[in-house]
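What follows is a single structure, written as structure tokens, with notes after it.
In what follows, chains are A, B, ... by sequence order, proteins preceding strands, each numbered from 1.
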2 protein chains.
Amino acid sequence: MERRHRVSMTDIAREAKVSPATVSRALNGHPTVSDKVRRSVLDAAERLGYVRNLGAVSLASSQSNTVGLLIRDAGNQFYGGLASRIQAETDRYGFDLLITAGGDTLESQERAVRNLLGHGVGGIVIASGRVAAEAAEYSARFVPSLVLGTGLELPSLSSVRIDPHMEAGLARRVVDHGHRSIAVTASEDPLASTLHARTANFLTELVVAKTDTYIVSFSEQGGVDELGRQVDRALADGVTAIMAGSDEMALQILEYLNISGLRCPQDVSVTGFDGIGAYRSSLLGLTTIEQPVDELAHAAIKLMSRHMNEEHAQTAQILVPGRFVKGRTLGMAQTSD
Amino acid sequence: MERRHRVSMTDIAREAKVSPATVSRALNGHPTVSDKVRRSVLDAAERLGYVRNLGAVSLASSQSNTVGLLIRDAGNQFYGGLASRIQAETDRYGFDLLITAGGDTLESQERAVRNLLGHGVGGIVIASGRVAAEAAEYSARFVPSLVLGTGLELPSLSSVRIDPHMEAGLARRVVDHGHRSIAVTASEDPLASTLHARTANFLTELVVAKTDTYIVSFSEQGGVDELGRQVDRALADGVTAIMAGSDEMALQILEYLNISGLRCPQDVSVTGFDGIGAYRSSLLGLTTIEQPVDELAHAAIKLMSRHMNEEHAQTAQILVPGRFVKGRTLGMAQTSD
DNA sequence: CTGAAAGCGCTTACAG
DNA sequence: CTGAAAGCGCTTACAG
């Protein structure tokens, strides 16, 4: 248990009676090393409890086998789940993965990118609903970078996300249930690019369908009271369905309705987005879209692998379909007229 | 957007017309640098888009300002939330944070530790319900290490977790509701040390209270069918309450009861554990214990800071109280006799 | 207050 | 197949 002098390649070289260069080659599986030597080097490394200094490796080789993942908040089910799947994919590809949380401001995001870069990552995946475009572009100045699961549109960067047709399709379903006055949530945070894109996609479809639209704006600070006021006002104006930008928001709305004695979907329909974890529970019965987390992670790392290996890989915008989750919170509009 | 030659301290030195040594000192806020020189160095660094190579830093200084966090799975609300709070705390302390996911096997966990170590972290926080003690001890051989939010007991390592009295207290409440035949979930995964400890704590209290106890064993693979069989058997044997090791398990049980037409708590009571995120929703109404995520993260980083700064800081076992969440899934036992 | 030099742990042409 | 040597980007006594 006592903390020893960190063992280096030199120690192994001494132990195995070869040169440091040979140790390096043996450890890296270089083919020109004789089996006998390789064996004894590996033995010595094991015996001494050797841990490779990755910083020194990337310093000396000026290339890196590790990819960095920038997420805003692992506490968010969607991004947490994404991180978890990304880890599985990088494992498959033999990459090391370093994760860091980006925070909510441009400054803290650039700090996070610098942190990753400073640890010598060879590529960065940015998975955060609230990225400043500047942070992504900053990252791209140094290593192949890719934006994942986000509404952010940057023609110069590769991106992987759910097909926006899913959002349009959800809106169409709401319309098809007879709703003609529909509220959409909107975030007040200017950095919440994913939510903004979602809101815009919902609205576009609703406007095309010639329905009345209504905005319920969400502020992080507002709390339940502010949310309640907004919902009340919307209902008073005749809204019969609310499309939330995320399951989390949808759940907050459902809780408020419940407290107020309003029934869902009889009095008002509610839809969510993400369809992950507990929000998927049949007990909640939320009508929502399930994000294709596995496919998103898979496509992202596949693409990243290409970017890291080919000098001038084409940037690509990949769209992955999601899945509609029926639930019980979307019902037919009551024809009160 | 084009990827340039990575700028180094030498480049800054040339630009600012000073020596690399001075650049280093200026960047590190060394007091012996004249204001004028410092200014021009900082300017040059900014202008050139300098990113410090942290690997080289820790290589040269053989000390590190970054702490590593090993979590099993960011997709798990509890650990995801913990990661998110840990980030906030390390930010406060001025540490950099590197996160990596450990996986489920001893081998992948040691790999994760080596990855962190290889990137030169100065300390490691292990937050995973399924740690092999060996992985934690391996980590402790190299840097100050600390186990967080876990049932794992290692006298040689510092640890921070929820006070086990919370588990006992929950069991006592169930008993106080008149239940005399109570099932407890148990995981079949030998590495699930947190769940095992929880199960043991529940059982101890139940046995002390002289109730009949019953085990519902949970396997990752079993699926709903297997779970249903187990629950049915327990109920047939007269069980009137089920204490789940986590909210996630509790929710699965509730879903099964719902499908089977059984009411909770009228037919059977169910309790959870963790009380995080969507599981806390009043719509679910789960009776559970809320883990003190903020306090856990705070205590962990405070302790880690001490371990990293003082040569021989005392190892400590810190217990943080949680909070009982009343919910609606725990009711009085029906006196059918 | 500043610089020249050695060294941290590695890799990689270059010889042999 | 193996070794000696230079160098990656930094820090830090040691001189001045």
Side-chain angles (χ1 to χ4, degrees), chain A residues 4-42 44-45 48-66 96 114-115 117-122 142, chain B residues 4-42 44-45 48-66 96 114-115 117-122 142:
Chain A
R4 322 162 183 194
H5 160 73
R6 191 88 152 243
V7 355
S8 73
M9 272 182 23
T10 322
D11 301 316
I12 300 180
R14 194 180 316 115
E15 178 90 1
K17 302 188 198 319
V18 293
S19 74
T22 301
V23 173
S24 170
R25 288 190 272 252
L27 257 27
N28 288 313
H30 213 88
T32 75
V33 180
S34 77
D35 268 18
K36 202 172 128 178
V37 169
R38 182 194 320 284
R39 194 93 33 101
S40 85
V41 167
L42 261 23
L48 265 33
Y50 174 64
V51 176
R52 202 200 202 77
N53 183 328
L54 267 15
V57 170
S58 75
L59 186 58
S61 70
S62 74
Q63 49 159 286
S64 163
N65 191 41
T66 109
D96 280 333
R114 252 191 315 269
N115 184 10
L117 250 21
H119 284 287
V121 301
F142 302 98
Chain B
R4 323 161 181 194
H5 161 73
R6 191 86 152 243
V7 357
S8 74
M9 272 183 21
T10 322
D11 301 316
I12 301 181
R14 196 181 313 116
E15 177 90 0
K17 301 189 197 321
V18 292
S19 74
T22 300
V23 174
S24 171
R25 288 191 273 252
L27 257 27
N28 288 313
H30 212 88
T32 75
V33 180
S34 76
D35 268 18
K36 201 173 128 178
V37 170
R38 184 197 318 285
R39 195 92 34 101
S40 86
V41 167
L42 261 23
L48 265 34
Y50 174 65
V51 175
R52 204 201 202 74
N53 183 328
L54 268 14
V57 170
S58 77
L59 186 58
S61 70
S62 74
Q63 48 159 286
S64 163
N65 191 40
T66 108
D96 279 333
R114 250 190 318 268
N115 184 10
L117 250 19
H119 285 287
V121 301
F142 302 97

If you check the [X] side chain, which of [options] turns out closest?
X: Ala21(A); options: dT11(D), dT2(C), dT12(C); result: dT12(C)
X: Val57(A); options: dT11(C), dC10(D), dT11(D); result: dT11(C)
X: Thr22(A); options: dG3(D), dC8(C), dC10(D); result: dG3(D)
X: Val37(B); options: dC10(D), dT2(C), dC10(C); result: dT2(C)
X: Val33(A); options: dG9(D), dG3(C), dT2(D); result: dT2(D)
X: Asn53(B); options: dA13(C), dC10(D), dT12(D); result: dC10(D)
X: Arg25(A); options: dT2(C), dT12(C), dC10(D); result: dT12(C)
X: Ser34(B); options: dC10(D), dC1(C), dT12(D); result: dC1(C)
X: Ala60(A); options: dC10(D), dC10(C), dG3(C); result: dC10(C)

Starting from [atom2] on [N], measure out to [atom1] on [X] and report it in whole angstrom.
X: Leu59(A); N: dT12(C); atom1: CG; atom2: P; answer: 12 Å
X: Asn65(A); N: dT11(C); atom1: CG; atom2: P; answer: 12 Å
X: Lys36(A); N: dT2(D); atom1: NZ; atom2: C1'; answer: 14 Å
X: His30(B); N: dT2(C); atom1: NE2; atom2: C1'; answer: 11 Å
X: Asp11(B); N: dG9(D); atom1: CG; atom2: P; answer: 8 Å
X: Asn28(B); N: dG9(D); atom1: CG; atom2: P; answer: 17 Å
X: Met9(B); N: dC8(D); atom1: CE; atom2: C1'; answer: 13 Å
X: Lys17(B); N: dT2(C); atom1: NZ; atom2: P; answer: 16 Å

Looking across every strand, which nucleic acid part, if any, lies under 4.0 Å from Thr32(A) by heavy atom: base, sugar-phosphate, or nothing?
->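 If one applies the 4.0 Å heavy-atom cut-off, Thr32(A) turns out to touch a base.
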Just checking Arg52(A): base, sugar-phosphate only, or nothing, at a heavy-atom cut-off of under 4.0 Å?
->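 Sugar-phosphate, no base atom in range.
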N or O in side chain of Ser19(B) less than 4.0 angstrom from dG3(C) OP1/OP2 |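 Affirmative; the distance criterion is met.
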For dT11(D), take OP1 and OP2 only and decide whether either is under 4.0 Å from a side-chain N or O of Ser24(B).
->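 So the side chain of Ser24(B) is within the cut-off, an N or O lying under 4.0 Å from OP1 or OP2 of dT11(D).
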Position toward the 5' end of DNA chain D (nearest nucleotide), Arg38(A) or Ala56(B) =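 So the residue in question is Arg38(A).
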Any-strand Watson-Crick or G-U partner of dG3(D), both distances under 3.5 Å =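 dG3(D) is paired, partner dC14(C).
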Report the residue (Tyr50(A) or Val18(B)) whose heavy-atom-nearest nucleotide on DNA chain C is the more 5′ of the two.
->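 Closer to the 5' end of DNA chain C: Val18(B).
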Option among Leu27(A), Asp11(A), Val23(A) that satisfies the side chain to side chain contact (heavy atoms under 4.5 Å, CB included) test with Tyr50(A) =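 Filter result, single survivor: Leu27(A).
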Chi angles and distances behind the side chain to side chain contact (heavy atoms under 4.5 Å, CB included) call for His119(A), Thr66(B) | CA-CA 10 Å; His119(A) 284 287; Thr66(B) 108; 3.8 Å; yes
Can you tell me if Arg38(A) uses its side chain to pair, donor with acceptor, with the backbone of Val33(A) under 3.5 Å?
->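 Side chain of Arg38(A) to backbone of Val33(A), a donor-acceptor pair under 3.5 Å: yes, one is there.
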Under 3.5 Å, is there a donor-acceptor pair between the side chain of Thr22(A) and the main chain of Val18(A)?
->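 It does not hold such a pair.
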Which value, in whole Å, describes the distance between the P atoms of nucleotides dG9(D) and dA13(D)?
->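 Comparing P positions in dG9(D) and dA13(D) gives a spacing of 23 Å.
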Determine the Euclidean distance between corresponding C1' atoms of dT12(D) and dG16(D); express it in Å to zero decimal places.
->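 16 Å, rounded to whole Å.
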What closest approach, in Å, do Ala16(B) and Ala44(B) show between heavy atoms, and which atom pair accounts for it?
->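 Closest heavy-atom pair between Ala16(B) and Ala44(B): CB-CB, 4.3 Å.
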For Arg52(B) and Asn28(B), test the side chains for any donor-to-acceptor distance below 3.5 angstrom and give the result as yes or no.
->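 Per modelled atom types, Arg52(B) and Asn28(B) side chains form a pair under 3.5 Å.
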